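Scroll down for the structure; my scribbles are underneath it.
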2 protein chains.
Amino acid sequence: MGQGEAAVTTRTSDSAIVRATAPDLAGRPPASDCPLRDVLDRIGDKWSTLTLGTLASGPHRFSVVQRAIPDISKRMLTQTLRGLERDGLIARAVFPTKPPSVEYRLTPLGFTILEPLGALVQWADEKHAAIKAARSAYDASN
Amino acid sequence: MGQGEAAVTTRTSDSAIVRATAPDLAGRPPASDCPLRDVLDRIGDKWSTLTLGTLASGPHRFSVVQRAIPDISKRMLTQTLRGLERDGLIARAVFPTKPPSVEYRLTPLGFTILEPLGALVQWADEKHAAIKAARSAYDASN
DNA sequence: GCCTATGGTCTCTTTTAGTAACCTTGTAGC
DNA sequence: GCTACAAGGTTACTAAAAGAGACCATAGGC
């Protein structure tokens, strides 16, 4: 690292390391304008991906979505749906029935996230066993 | 929905709708054993992806990672690194220098997540403008 | 002596998630 | 006529998590 290829690093001027090895992250805008951060703040939470996944199969009403994600509360579902709507990923339509029914559906923009999201789901399915094994091993050695 | 193809839904027995339209989610285990949930609880938080992204460029010491992600606190970084280590995505190595230095690097398993994660980053970059536009529009119409 | 750097931990405060009760309006049951 | 229930939320309250900042041991530089 410092010089040569010492595996055991001694004190070095780290600013050089930072410049040399983390360019793609340093190149990104620091905070609020970083697309990655912005997206992860949206879909990275506990419920957004599950909500998108539910709506992927077609438009659904509020209560249907809630039943599809059993352990979400009304409050969190409302909040999640509002957030996704605000970002243009889903659309909300109110029908003047009595009592009124509300339907949520993916927008064209919303559909485009299903592909990268699907890649992640696939990774999760494939590696879940390995992750659980690593977790057990870690907890065992404490 | 209920019968016919009425766009304006009246009261229907929703259990039928649930069964008909949300099968892929209903098919997943309800909570703790769902791979998607499990993975999202890990990498879905605010810092994990950024940490993985930083370590994607090579092994780094604690303080280097911290400087690469400017607004993370030591506490959160420690917690994030521990979590990723526990799940086998990164490895931790302590070198007995004075003061001791600690190096973190992706494991083979950790490297495999970079591809699906990359897809998401690309999506974020591509759609960021559209998302921000949708957000402005939503906030404007309030 | 004092400040710096290492990789953390500990405590405290603030933010966020989650729970449960309530709201409105109309229909159904009794 | 009274109670109950459905829809899609909102509101108040509580539990959990995130974040800020001080502290620790040890050694080197000035």
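Below, chains carry the letters A, B, ... as their sequence lines are ordered, and counting in each starts from 1. Bear in mind that the values here come from a model prediction, so they are computed numbers and not experimental data.
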- Query: Tell me: CE of B:Met76 to P of D:dA18, nearest whole Å?
  - Reply: 5 Å

- From the options C:dT6, D:dG9, C:dT19, select the nucleotide whose nearest atom is closest to the side chain of A:Lys74. D:dG9

- Query: For D:dA12, does either OP1 or OP2 sit under 4.0 Å from a side-chain N or O belonging to A:Arg75?
  - Reply: no

- Message: Below the 4.0 Å mark, does D:dG8 have OP1 or OP2 next to a side-chain nitrogen or oxygen of A:Ser63?
- Response: yes

- Item | Candidates C:dG18, D:dG9, D:dG19 - which lies nearest the side chain of B:Lys46 | D:dG19

- Minimum-distance nucleotide (side-chain atoms of B:Arg61 versus C:dG7, D:dG9, D:dG8): C:dG7

- Message: Measuring to OP1 and OP2 of C:dT6, would you say a side-chain N or O of B:Arg67 lies under 4.0 angstrom away?
- Response: yes

- For the side chain of A:Lys98, counting heavy atoms from C-beta on, which of D:dG19, C:dG7, C:dG26 is nearest? C:dG26

- Just wondering, are more than 12 heavy atoms of other shown residues or ligands nearer than 6.0 Å to CD in A:Glu126? yes

- Task: Taking atom types as modelled, find out whether A:Ser63 and A:His60 have a side-chain donor-acceptor pair closer than 3.5 angstrom.
- Result: no

- Item | Atom pair CD (B:Gln122) and NZ (B:Lys127), whose distance is rounded to the nearest 0.5 Å | 10.0 Å

- Item | Nucleotide D:dA7, atom P - distance to CD of A:Gln66 in whole Å | 9 Å

- Side-chain N or O of A:Arg82 less than 4.0 angstrom from OP1 or OP2 on D:dT10? yes

- Taking OP1 and OP2 of D:dA18, is either one under 4.0 Å from a side-chain nitrogen or oxygen of B:Trp47? no

- Message: Would you compute the distance between atom OG1 of A:Thr51 and atom OH of A:Tyr104 and round it to the nearest 0.5 angstrom?
- Response: 10.5 Å

- Would you classify B:Gln79 as touching base, sugar-phosphate or nothing, given that sugar-phosphate means primed atoms plus P, OP1 and OP2, and contacts are heavy atoms under 4.0 Å? sugar-phosphate

- Message: Just the rounded figure in Å: distance from P of C:dG7 to CD of B:Glu103.
- Response: 10 Å

- Task: Could you state the atom-to-atom distance from CG of A:Asp71 to C1' of C:dA17 in whole Å?
- Result: 13 Å

- Message: Rounded to whole Å, please give me the gap between CG in A:Leu50 and P in C:dG18.
- Response: 11 Å

- Message: In this structure, how many angstroms lie between the C1' atom of D:dG8 and the CZ atom of A:Arg92, rounded?
- Response: 8 Å

- Message: Check the phosphate of D:dG9 against A:Thr78, side-chain N and O only, distance under 4.0 Å to OP1 or OP2. Yes or no?
- Response: no

- Message: Please tell me whether B:Asp45 and B:Ser48 have a donor and an acceptor in their side chains that are separated by less than 3.5 angstrom.
- Response: yes

- Query: Tell me: CZ of A:Phe62 to C1' of D:dA6, nearest whole Å?
  - Reply: 13 Å

- Could you state the atom-to-atom distance from CG of A:Leu77 to P of C:dT19 in whole Å? 13 Å

